[in-house]
There are 2 protein chains.
Amino acid sequence: MSEGASTLLAAAGLRATPQRTAIVGELVREPNDVTAQELHDRLRARGGSAPGLATVYRTLTRLAEAGVVDALTHHAGELCYRVCGDDHHHHFVCSRCHRVVEIGDCRIDAWLDDLAGRHGFDVTGHRVELEGVCAGCR
Amino acid sequence: MSEGASTLLAAAGLRATPQRTAIVGELVREPNDVTAQELHDRLRARGGSAPGLATVYRTLTRLAEAGVVDALTHHAGELCYRVCGDDHHHHFVCSRCHRVVEIGDCRIDAWLDDLAGRHGFDVTGHRVELEGVCAGCR
DNA sequence: CTTCCTGCAAAGCATTTGCATCCAT
DNA sequence: ATGGATGCAAATGCTTTGCAGGAAG
């Protein structure tokens with residue numbers, strides 16, 4: 001099961017304010033990647049006093065720095081966030097319906113090891129984005 | 001040898017204006033990825049009447065749509081362009097010096113075929129970005 | 001000629017920041 | 001109490017667009 005909001009905040013070394021708890025709570029509840037703006041909209045939609053947009057941005061930035069959430073750029077000029085699972089995965093983006101499908105099995109480790117050895121790189125992370133047309137859109 | 005500026009413009013179905021010729025010429029001459037702004041700066045640095053920034057943006061956008069240049073997002077919020085070679089390759093970005101190294105050997109085709117079969121995707125393209133610390137920065 | 005381009009400046013977005021106030025710890 | 005957080009609005013930075021004059025085919 002997934003971690004609670006306060007746990008994630010603690011892991012990032014951030015104070016547990018009601019705003020941040022709301023933000024992380026919403027993010028945990030969200031199965032897809034979301035932009036800061038989308039997250040902000042959802043918080044407002046829940047009614048009550050939602051955190052300001054600036055706070056959403058600040059919080060997401062901190063969480064990403066702490067490695068608690070992943071920041072991805074599916075489209076240029078817009079960052080998408082999602083809670084880091086323990087699972088390593090990549091994404092397939094349908095160029096027609098823009099649906100993002102998670103790809104679980106990553107098979108590039110052997111390649112990376114080889115590159116590290118050959119170029120002397122210390123490869124700390126990698127991102128793979130596939131694009132194409134999904135089954136439903138064909 | 002690489003193609004001339006006018007050839008690339010023709011391939012994209014764009015009129016060969018002096019501005020566009022200058023832009024593509026500069027892009028062909030450039031071994032690294034450049035942003036629209038960098039390209040604009042270089043053109044101005046050459047003296048004479050350089051194309052306006054808006055024209056640089058418009059031209060790069062058209063060329064990217066036509067598949068003549070690649071648009072990449074190494075950092076979020078900024079597009080980098082480069083002329084498409086015939087070669088398929090990916091990038092390694094050093095998180096310390098931000099140097100971008102081209103990785104020539106792509107070994108994910110088998111994986112992609114498998115995914116296509118399993119999910120029913122029509123995978124038309126993919127992007128791999130590696131990050132880490134380069135040999136010089138260690 | 002007609003359609004497409006260009007330059008310039010203004011507009012648009014996503015994101016960041018300044019600053020006074022406020023709240024966890 | 002006190003350093004970190006928040007909200008709001010203004011500021012930024014990259015990119016796009018509207019429009020009137022110009023040039024390519």
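Computation of the quantities below employed the complete heavy-atom set of this structure, encompassing side-chain atoms and omitting hydrogens, waters and symmetry-equivalent molecules. Every chain is numbered from 1, with letters handed out A, B, ... down the list of sequences.
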Measuring from the side chain of [X] (C-beta onward, heavy atoms only), which nucleotide among [options] has the closest atom?
X: Ala36(A); options: dT15(C), dT6(D), dC5(C); result: dT15(C)
X: Ala54(B); options: dT6(D), dT17(D), dA14(C); result: dT17(D)
X: Arg15(B); options: dT6(D), dT16(C), dA24(D); result: dA24(D)
X: Leu53(A); options: dT15(C), dA5(D), dG7(D); result: dT15(C)

- Item | Enclosure of Arg44(B) CZ (heavy-atom neighbours >12, cutoff 6.0 Å) | no
Is [X] near enough to [N] that one of its side-chain N or O atoms lies under 4.0 angstrom from OP1 or OP2?
X: Arg20(B); N: dT6(C); answer: yes
X: Thr17(A); N: dT6(D); answer: yes
X: Thr55(B); N: dG7(C); answer: yes
X: Tyr57(B); N: dT16(D); answer: no

- Message: Using heavy-atom distances to pick each residue's nearest nucleotide on DNA chain D, tell me which of Leu79(B) and Leu14(B) is more 5'.
- Response: Leu79(B)
- The residue, Thr61(B) or Ala16(B), whose nearest nucleotide of DNA chain D is more 5′ is Thr61(B)
Over how many whole Å does the gap from [X] atom [atom1] to [N] atom [atom2] extend?
X: His40(B); N: dG13(D); atom1: NE2; atom2: C1'; answer: 15 Å
X: Arg62(B); N: dT15(D); atom1: CZ; atom2: P; answer: 17 Å
X: Glu78(A); N: dT16(C); atom1: CD; atom2: P; answer: 13 Å
X: Leu9(B); N: dG25(D); atom1: CG; atom2: P; answer: 10 Å
X: Leu43(B); N: dT6(C); atom1: CG; atom2: C1'; answer: 14 Å
X: Glu65(A); N: dT15(C); atom1: CD; atom2: P; answer: 15 Å
X: Gln19(A); N: dC23(C); atom1: CD; atom2: P; answer: 9 Å
X: Leu60(B); N: dT16(D); atom1: CG; atom2: C1'; answer: 13 Å

- In terms of side-chain geometry, is the basic nitrogen of Arg107(A) or Asp109(A) positioned less than 4.0 Å from the acidic oxygen of its partner? no
- Query: Any ion pair linking Arg82(B) and Asp33(B) (charged N to carboxylate O, less than 4.0 Å)?
  - Reply: yes
- Task: Please work out if Thr35(B) contacts a base, only the sugar-phosphate, or nothing of the nucleic acid, heavy-atom cut-off 4.0 Å.
- Result: nothing
- Query: So what does Arg58(B) hit on the nucleic acid, given a heavy-atom distance under 4.0 Å: a base, only sugar-phosphate, or nothing?
  - Reply: base
- Message: Applying side-chain hydrogen bond (donor to acceptor under 3.5 Å, both in side chains) to Gln37(A) and Tyr57(A), what does each step give before you reach the verdict?
- Response: CA-CA 8 Å; Gln37(A) 317 242 7; Tyr57(A) 271 108; 2.9 Å; yes
- Do His126(B) and His88(B) have ring centres separated by under 6.0 Å? yes
